[in-house]
Structures are given as structure tokens and as C-alpha cells.
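Working notes, structure below.
The first residue in the sequence is number 1, and the count goes up from there.
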Amino acid sequence: MPPPPLALLLLFAAAAAPPAPPGTALRPEAVGMGGPGGSAATTPRGAAPPKATATAPPRSTAPPKGSAATTPRGAAPPKGTATALPQGTATTPTKKTEWGGPSSAAPTRGGPGPKAPVPRKKKLVRVKVVRKKVLKKRPKAPAKSPPAPQEQPCPPLGLESLRVQDSQLRSSSDKRYGLGAHRGRLNIQSGLYDGDFFDGGWCAGQEDAGQWLEVDARRLTNFTGVITQGLNSIWTYDWVTSYKVQFSNDTHTWQPCRNGTEEAVFPANKDPETPVLNTLPCPAVARYIRINPQSWFENGTICLRAEVLGCAMPDPNNIYQWPNEPVPTDKLDFRHHNYKEMRKLMKRVNEECPNITRIYSIGKSYLGLKMYVMEISDNPGRHEVGEPEFRYVAGMHGNEVLGRELLLNLMEYLCREFRRGNPRVVQLVTSTRIHLLPSMNPDGYETAYRLGSELSGWAMGRWTYEGIDLNHNFADLNTALWDAEDNDLVPHQFPNHYIPIPEYYTFANATVAPETRAVIDWMQRYPFVLSANLHGGELVVTYPFDMTRTYWKAQELTPTADDGVFRWLATVYATSNLAMASEERRLCHYDDFMRSGNIINGANWHTVPGSMNDFSYLHTNCFEITVELSCDKFPHVSELPTEWENNRESLLLYMEQVHRGIKGVVRDEETGEGIANAIISVDGINHDVRTAVDGDYWRLLNPGEYEVTARAEGYEAATRPCRVSFENVPTPCSFRLARRRLRGRGPPDLQLRLHRHRLRRLRAQRRAP
């Protein structure tokens, strides 16, 4: 039986529908006005929907994404949906509808409604177009900067930074002196070799819950928290998994830390290196604090390293300032600066001193952070003939942050003192072109910064985002030089300076960090004379070579041809640094550098293949040393003013050493123009330097008499004596080279070129009228 006509079904449905109140318009979706389902017309009850039409969902069903939806009165429509119009208002353009009129009303009850044609597909196409117009893409949320670390209300007492002395630490027992209470300091490191006396932490001599590590604050202190680590050792795995805390004012009567009415037991470590912070539920005011281990790693013993957080309380019985440390007189921005804050500070300094500063970028990190450099000079942006170029580099290891903050403070200091007319700073800025790179590894710093000064540990953020140690990532030029020296090829067949980079290192798939490539390009663009690479974690100054000559040795004295100059440069920084020069300071970890004046040959400490210091010396004219600034890699913000006082004089005095030695210009005798890439050799020193683009050069030398030779391709060599005085003023030593006259027939390729040149001249003369 054929189905009944659609018009007849609509008539029956209208007759069976309940009457509407007078003056009430029907819902638009009841007459095909684009209801929730997006259908063109409502299907009669009991009948199958027509072909190519959508069945309207129940009223309780949420409309699909992008469709029209009814919004409560007074409420804003949700994103991506169309706002429903008032009842009885059409939502489609006022064209002729499928009902035949511009505002298709529903048929009235009892009257024969107009004949409804079968819905057409083009109506559905028109509805789809409308739906596409109302769809809107949700805008992407802006990238959020990494959150700043939550600083604790009270600073650390200073176990890690050595403000707490060994005499302030006691323990119930210890295995041996090398594992005594004085070793229970956060991030302290063990020895690297067999037979090292010291290990990395305190270890109790007995295994029971009665063992403790005690800290004497030497005055009333409001203790607020404890940070613990396990033992740092290459032989065993030991850490504490839980502990209690006790307080006392006389070391006889001890009060436990309570969490309400019960004695608090704090969860500790799950591995040896990750620091774990426990904030005390009720801060206590006392002089002494004890850490009482309750459980430990099942395969280990009671060993830990710790830091204690606390605020010193005012002592009415002590009229002297506590502690007795130098108070900084420079009003600088003493705080930790993340990438965003670093840019703001550099911009502010540039705006304060626009005539002597310039900010530029040498490249980007793996994550796209720019590596900004601050240039400070009386003519920023331009190399001046006879003016040496100096650089400081910090942040090679992202978690060694003190160098970064010192360079930012140095920018502020040089700018403000120059404006005040400080004679020393004015002389330094007008006679030197200074470049300051505060963050060579910005990705690593951001990783450490998110954790904070006490929780970043010893290695978090050290490497780049790709996991590359930048201090081992430069090209190894040492091996090629030493092989050539062993075969007596230097300097006649193999150069003793400007050694080319190996071809394998330049391949696109070579394991070279973008930060390393950026610094190498930077070295090649500017004629740097002197540099220092600022690190952290020790108190010592190292000088090249950093790599041992005997490849299988971990330690070996490996001096350069300029060993005397490097030792002087290292001594200048070490003797003027207040922390290094102090006779009362203790060892940072296990090495005693005070016996050698706090300086050491890098390879004689530990071998570092591919270091930036060695690369700088062998590939460019620049002499570079490494300065380990502090025992604490990431000092607390409260310690930054003291660290600035410790290093301010060292930073300035070391920069002034760039004027030590000889300088001059190598010129053409006939034209007077500077000769680029002329080689400057000093008799008795198997390391040469080269002139810059304008023919000027600088050669660092200790006081004495020297025979200096200048040679260039196509010129006759010239030699003259130069005397370097003890004053920190460079000795002028310039040259004028005469063009070389050809003698004999010369090599065959040169004869051929001369013959072709004569033929061109003869042809030109014949063509001339």
C-alpha cells in the first residue's frame, strides 16, 4: 500500500494538535525554522522522516556543536553557537520559504493548510552555509611564562654556602672523619677517585633511631623548614626515608616538633640526589635544631646532607651586627632574574646609558630563547683601531647562576658609575670595548629557576634542553696540535694558532648545540683579546689547557705556551676575590686549592675535552680562564649582596688586564693601510696571534724584553724589540711592512699568472688609439 500524501498527514497532525493560546506564536522549530536538529521542516508524529531531512532531537538533548541553541534570558551565549532569536522571529533570510511566504506561519486549526512540497536538498545546503558562518575558532591561549619559584619566608642558615662553620655541626656518631657531621651539608660532593678521604655527606656510626645531626645557629632562630638529601658517593647508595626534628636552647632539654598533639615524622628522600623540603607545621624559636632519622634505605645506612631554613631573631644582649659580613654600598638589583626579568634589566640599563651601551643577540637556544649580549663602550656598535675587546661569559651551565647575576649587576654598576664620573670606570669604558653575555644556556637556567635556589640540586639545569654539556661541546683542537708537535710540524707545516675547525664538526648532523655554534660565530666576528668564563660550585680559578695531553689520564699538568701569562691572569682574580683570599674559609668539597693560591691548571684538576677555554686559545687570539665563583651553585637571594662584594673588585681588575702587554698596527709601507691577518710572533713563545681587519693587534705578555716579528703574505717580515713594563699600560709596538720583491723565476703557477697579465696589457695597448 502506498504511503499517504504528506499534505494529508500534516492536516491530520494539525487537527489533532491542542489549540494554542490566542496571540501566541508557535516555536520556530515547529515550522521548519532551523531547530535544534537543523532540519528544514518538522516531521508529523508517527510518520517516517522525509528523505534527506534530519529528525529533530528531544528537547532535553543538547544541540550539536555549531547549531542554534536557546540561551536563557540575560545570559551570554556560549562560544561557537548562534544566539536564539525571540519566539516567532525567523532565523533565515526573508526570501520565499518552502511554505510559500516570507514568514511561513503554521496552518490554523480546522482550515486546510497550503500544500507543502517535499523538502529539497538545496534548503539543507542553505542551512549548512548559515551554520558555517556562525562557527568561530576559539583563540589559542597565550603561552605562559614559567612560574617564579616560591621563596620560603626564611632563608637558609648557610650549610651549603659555608656560612655555617664546621664547629657549629655535631652528630651522635659517625663512621669516620671523612663522613663526619661537618660533611652533612646540602649538595656537598664526594671525591672522584679511589682513596679520596672525604665523602659526600654525614653517615652515622650506628644504625638505630637514636642517631642525630645537630646544627647550632649561635643565636635564637625561628626555624621554619628542613631540606635533606642522601649521600653523594660513587660506591654506595644511602639515604634517609623519614626523620623527626627536635629543638633546644641548651642541648640538654629537647622539645620535639609536633603536628598537633603527636610528634611529627617527616617523609624524606627516595634517592640520593633530589632535595626534599619539609616545612615545619609549627615554627619554633630556639638556638639548636636536631634531625633525628627514623628510617632509611633498606639496603643502605643512615646518611644524609641537609640545609635548615630559619630567620634570626633580634638579640637584645648583642649590640653588634650579626653576622659580621660586608654590607654592599651599591644599590643594585640583587635578586634572581629569569629570562623575562633579565631582558627588562638590560633594557633599563640601555635606557639609562644609551651613549655607552648596546644590546644585541648572538643567536638562539634550542627552545628559541635569544642569547643577549650587553656591549659597553664609548662608541658602541663600532670597533675602534687600537681599542681591545673583552668579554665575560656566564651561565654555560644553567644551574650555576651566580655569574649571571654578577654580570647583570656589573652592567648596572658600570652604567651608574660612568654617569657619576668615576675615574676608574670612565677610563675602563673609554679604552675598552666590553661584551657581557649573562646567559649562554638560557634553557637550562629556566629549568633550575623553576625549582628555586635550594631545590634545584647539584645538576638540574646544568645541561641544555637537548642534554648537552656545553663545556664539552667545542671542537677538540688540542689533539691535532699535539700530534703535529710530536711530528715536528709546528709551526712550519701546521699552525700554532688559528687552528681550523675539523670538517666533521661542521656537518649538520654533528652533535653540536645551537648555543655552541652561536658562541663560535661570535668569537669569529669580534677580535676578542681576553675573556673569563664564570662557573659555580667551587672557589678556584683554572687556566688552560683543560684537556690532558695523555688521553687516558684523568689528571695531568698540561700547560700552554703562554703558561706564565695565564698564571698571572688567574692570580689576579683569585687574590682580589674576598672569598678566595680569606684564610678562614674551609674546603668547598674535597679539594684544597688554598695551597696553590686558589688557582690550578684545568687539566691538572680534571680533564675537560672540548672546553671553551682551549678552543678560544687555539682558534682565536683570545686568552680565556674559568672562574669558579662560589661553593653554592645557586645561592639564595639573601646571599647575592655579599657575593657582589666578594667579586666586584675581581671583575674590574681582571678587565683591566686586557691592556697588559703590547699592542700596535701593522701597515703597508707604501699605502699606510692596515694589513689584516698579519702574523705576530714573539721569540721564545710557540703561539702567535693575528691582526684584525684594520691591521691592529694586541698581545698579552708579562713584563720583560721581547723580540717581536710581524709577517704577512706578500710582504717582507719585520722584527723589532718591545719592552713590557710593570705598569698596566700596553707598550706600542707597530710595524710597517714592505712589499716582497720577486727573485728568480718563481713557482710555475705564479709564472703563468704573470704571463697572462702581460698578454692582457699588450692587447689593451694594441686596441688603444
Margin query: Strictly below 4.0 Å, N to O, side chains only: are R462 and D469 in salt-bridge contact?
Written below: yes
Next item on the list: Report the C-alpha separation of Y392 and H435 in whole Å, then their side-chain angles, then the decisive distance to 0.1 Å, and conclude whether the ring-ring contact (aromatic ring centres under 6.0 Å, His included) test is met.
Entry: CA-CA 6 Å; Y392 270 131; H435 304 257; over 10 Å; no
Notebook entry, point to check: Is the shortest side-chain N to carboxylate O distance from R305 to E160 below 4.0 Å?
Noted result: no
Next item on the list: Could you tell me whether R424 and E417 make a salt bridge, using a distance below 4.0 angstrom between a side-chain N and a carboxylate O?
Entry: no
Check: Between Y243 and N278, does any side-chain donor sit less than 3.5 Å from a side-chain acceptor?
Finding: yes
Checklist line | F390 six-ring centre to R433 NZ/CZ under 6.0 Å and within 45° of normal | finding: no
Next item on the list: Would you confirm whether the ring centroid of F474 sits within less than 6.0 angstrom of the ring centroid of F615?
Entry: yes
Next item on the list: Mind running ring-ring contact (aromatic ring centres under 6.0 Å, His included) on F566 and Y617 for me, showing each step along the way?
Entry: CA-CA 11 Å; F566 276 115; Y617 179 69; 5.4 Å; yes
Notebook entry, point to check: How about N232 and S190: does a side-chain donor come under 3.5 Å of a side-chain acceptor?
Noted result: yes
Item checked: H589 and E538: side chain donor to acceptor below 3.5 Å -> no
Next item on the list: Could you tell me whether F593 and W605 have their ring centroids closer than 6.0 angstrom?
Entry: yes
Margin query: Would you say the ring centers of H472 and W463 fall short of 6.0 Å from each other?
Written below: no
Margin query: Within the 3.5 Å criterion, strictly below it, is a donor on H636 or D632 matched to an acceptor on the partner's side chain?
Written below: no
Check: Would you call R391 and E624 a salt bridge, taking side-chain N to carboxylate O under 4.0 Å as the test?
Finding: yes
Next item on the list: Could I get the full list of side-chain hydrogen bond (donor to acceptor under 3.5 Å, both in side chains) partners for S630, not counting sequence neighbours?
Entry: none
Item checked: N338 and E341: side chain donor to acceptor below 3.5 Å -> no
Item checked: Test: R660 cationic atom under 6.0 Å from W698 six-membered ring centre, within 45° of axis -> no
Next item on the list: Applying ring-ring contact (aromatic ring centres under 6.0 Å, His included) between H336 and each of Y445, F634, Y449, report the one that passes.
Entry: F634
Next item on the list: Kindly state each residue pair satisfying side-chain hydrogen bond (donor to acceptor under 3.5 Å, both in side chains) with at least one member in residues 173-184, sequence neighbours excluded.
Entry: S173-Q211
Check: Hey, are N613 and T626 close enough side-chain-wise for a donor-acceptor pair under 3.5 Å?
Finding: yes
Notebook entry, point to check: Is a side-chain donor-acceptor pair under 3.5 Å present for H659 with T432?
Noted result: yes
Note to self: Strictly below 4.0 Å, N to O, side chains only: are D562 and R699 in salt-bridge contact?
What the structure shows: yes
